[in-house]
Amino acid sequence: MRRLILLLSALTLIVSIAGCGNGEEEEPFQVGVVPAQNKGDMKQAMDKLEKKLSDGINRPVEIKIHSDYQAVVEALKYKKMDMAFLGPLTFVQARNATGVNAIVTQLIDGKPYYHSYIIVPEDSELDSMEELVKNSENVRFAFGDPNSTSGSLIPSIALKERGVFQSNQKHQFQELTFTGSHDVTALSIQNKKYDAGAIDSAIYDQLAESGKIDKDRIRIIWKSEKLFQYPWAVQKEVDQQTVDQLRKTFLSIKDPEILNVFGASAFTKAENSDYETIRKAAKEAGRLEVGSTGE
């Protein structure tokens, strides 16, 4: 009997050790991505990025594509996401609410900057911001997403400074609308659905290069100061070693399929301080309240 008990104890110990050896699978590093424009099927590119990041940090990575930035920021707020690709305005709002940190951004044609444009149909009589303001009562104006940095925040401040815009309800335009995305804005201006609209300069160039819009049918009448590109941000709890590994991995990416999804020529290091201009603009516009999220 004693031998049987010892044998059973040994078997139990072996099973226990085997179980410990296998262990529970490590929780995936959760990443959220929202396309800046309608990119169609991103799955193959995201599968490649997922593997690249997983190899880089030696841990399973799971990338989820989301339809809007608010869902991503909520996930960050409730610690259901470790890293996210955010618009500049979304980032400063998320940082204000959760303390996330910018670690990398993309280079577009070798530069980490872009601009906000105001565009009009090619044959429009409007040829400057001054003309737009002067004739605002006859202008049907289109912002992009209400929470877009270049499609809403920056141009709205420029229009507010010129006295023709106070809020979505208080303005001096014949009509004011939000198209929901940069590509819809560009096509709407090209097809003369609206008289003027705000758009991300990098996306405008991408749309033209891909043939989705015809630059000969659109003119740019206003250009903002430089805006730092969309950041990848991590939760403040992510350790420095993982941050360094993530940065190193992003900077090593050469695969055109991954880069093209973000309209990027490469990735580069980013810091929280790079978005100070956007933070000040968001604060001025009253857009840093907790719960007010966007691109």
Side-chain angles (χ1 to χ4, degrees), residues 33-42 45 49 69 85-91 104-124 126-129 132 141-145 147-156 158 178-232 250 253-268 270 274-275 277-278 295:
V33 173
V34 180
Q37 58 172 310
N38 183 9
K39 285 287 186 180
D41 187 8
M42 297 174 65
L49 180 59
Y69 284 102
F85 176 64
L86 303 168
L89 174 55
T90 320
F91 166 67
V104 292
T105 188
Q106 65 263 38
L107 295 173
I108 307 292
D109 295 328
K111 295 175 288 189
Y113 304 106
Y114 72 115
H115 302 270
S116 172
Y117 283 165
I118 290 181
I119 57 176
V120 299
E122 190 279 330
D123 59 358
S124 172
L126 303 174
D127 58 10
S128 66
M129 174 69 93
L132 173 67
F141 192 88
F143 288 118
D145 187 288
N147 296 313
S148 170
T149 307
S150 55
S152 177
L153 174 65
I154 298 302
S156 72
F178 290 88
T179 67
S181 70
H182 298 290
D183 41 349
V184 174
T185 297
L187 287 169
S188 296
I189 297 301
Q190 177 174 292
N191 297 326
K192 302 182 182 180
K193 186 174 180 180
Y194 303 107
D195 302 304
I199 190 171
D200 176 316
S201 65
I203 293 176
Y204 174 79
D205 290 338
Q206 291 167 35
L207 291 169
E209 289 167 10
S210 66
K212 293 180 180 178
I213 62 169
D214 183 354
K215 271 189 174 181
D216 292 337
R217 297 172 61 186
I218 300 173
R219 282 190 294 110
I220 301 163
I221 64 168
W222 178 79
K223 176 181 176 180
S224 74
E225 296 296 320
K226 290 178 180 178
L227 307 171
F228 215 74
Q229 276 288 354
Y230 295 34
W232 292 81
F250 270 106
I253 292 174
K254 307 294 181 186
D255 189 325
E257 188 167 12
I258 296 175
L259 294 173
N260 289 343
V261 165
F262 302 101
S265 52
F267 291 100
T268 190
D274 295 326
Y275 300 91
T277 298
I278 300 299
E295 173 195 350

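Along the sequence shown, the residues carry numbers beginning at 1. Small disclaimer: the values here were computed from a predicted structure and weren't measured.
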Asks: Would you name the heavy atoms of Gln229 and Ala202 that are closest together and state the gap between them?
Replies: NE2-CB, 3.9 Å
Asks: Indicate the ring-plane relationship of Trp232 and Phe85, choosing parallel, tilted or perpendicular according to the 30° and 60° boundaries.
Replies: tilted
Asks: Say you draw a straight line from CG of Asp200 to OG of Ser148; how long is it, rounded to the nearest 0.5 Å?
Replies: 7.0 Å
Asks: For Asp123, what residues pass the salt bridge (Lys or Arg N to Asp or Glu O under 4.0 Å) criterion, not counting sequence neighbours?
Replies: Lys192
Asks: List the atom of Ile154, the atom of Ser116, and the distance in Å for their closest heavy-atom pair.
Replies: CG2-CB, 4.1 Å
Asks: Rounded to the nearest 0.5 Å, what's the gap from OG1 on Thr185 to CD1 on Ile118? Could you check?
Replies: 11.5 Å
Asks: Donor-acceptor check, side chain of Ser188 to backbone of Lys193, threshold 3.5 angstrom: yes or no?
Replies: no
Asks: Rounded to the nearest 0.5 Å, what separation is found between the CD1 atom of Ile220 and the NZ atom of Lys215?
Replies: 6.5 Å
Asks: Report the residues that fulfil salt bridge (Lys or Arg N to Asp or Glu O under 4.0 Å) with Asp109, sequence neighbours left out, ordered by chain and then residue number.
Replies: none
Asks: Taking atom CG of Asp214 and atom CG of Leu207, what is their separation to the nearest 0.5 Å?
Replies: 12.0 Å
Asks: When Thr105 is tested against each of Phe262, Phe267, Tyr113, Phe228 for side chain to side chain contact (heavy atoms under 4.5 Å, CB included), which residue passes?
Replies: Phe228
Asks: May I have all residue pairs that pass ring pair (Phe, Tyr, Trp, His ring centres under 6.0 Å) and include part of residues 184-217, sequence neighbours excluded?
Replies: Tyr117-Tyr204
Asks: Within this structure, what is the CG-CG distance for the pair Asn147 and Leu153, rounded to the nearest 0.5 Å?
Replies: 9.5 Å
Asks: Check salt bridge (Lys or Arg N to Asp or Glu O under 4.0 Å) between Lys223 and all other residues, then give those that pass, not counting sequence neighbours.
Replies: none
Asks: Taking all heavy atoms of Ser224 and all of His115, pick out the closest pair and write down the distance.
Replies: O-ND1, 2.9 Å
Asks: Apply side chain to side chain contact (heavy atoms under 4.5 Å, CB included) to Glu209 and list each qualifying residue two or more places apart in sequence or on a separate chain.
Replies: Asp205
Asks: Rounded to the nearest 0.5 Å, what's the gap from CD1 on Ile221 to CG on Leu126? Could you check?
Replies: 5.5 Å
Asks: Working note: Leu227 + Ile278, criterion side-chain contact (heavy atoms from CB on, under 4.5 Å); need CA distance, chi angles, decisive distance, verdict.
Replies: CA-CA 8 Å; Leu227 307 171; Ile278 300 299; 3.7 Å; yes
Asks: Does Arg219 reach the main-chain N or O of Glu122 with its side chain, forming a donor-acceptor pair under 3.5 Å?
Replies: yes
Asks: Do Phe250 and Leu49 have side chains that get closer than 4.5 Å, going by heavy atoms?
Replies: yes
Asks: How would you list, by chain and number, every residue that makes a salt bridge (Lys or Arg N to Asp or Glu O under 4.0 Å) with Asp274, sequence neighbours excluded?
Replies: none
Asks: Determine the minimum heavy-atom distance between Pro88 and Pro231, stating which atoms define it.
Replies: N-CD, 4.1 Å
Asks: At their closest point, which heavy atom of Leu86 faces which heavy atom of Phe91, and how far apart are they?
Replies: CD1-CA, 3.9 Å
Asks: So do Tyr114 and Thr149 actually touch side chain to side chain, heavy atoms under 4.5 Å?
Replies: yes
Asks: Does any part of the side chain of Lys226, heavy atoms only, come nearer than 4.5 Å to the side chain of Thr277, both counted from C-beta?
Replies: no
Asks: For a quick test of reading the model, state the closest non-hydrogen atom pair linking His182 to Gly151 and the distance between them.
Replies: CE1-N, 3.9 Å
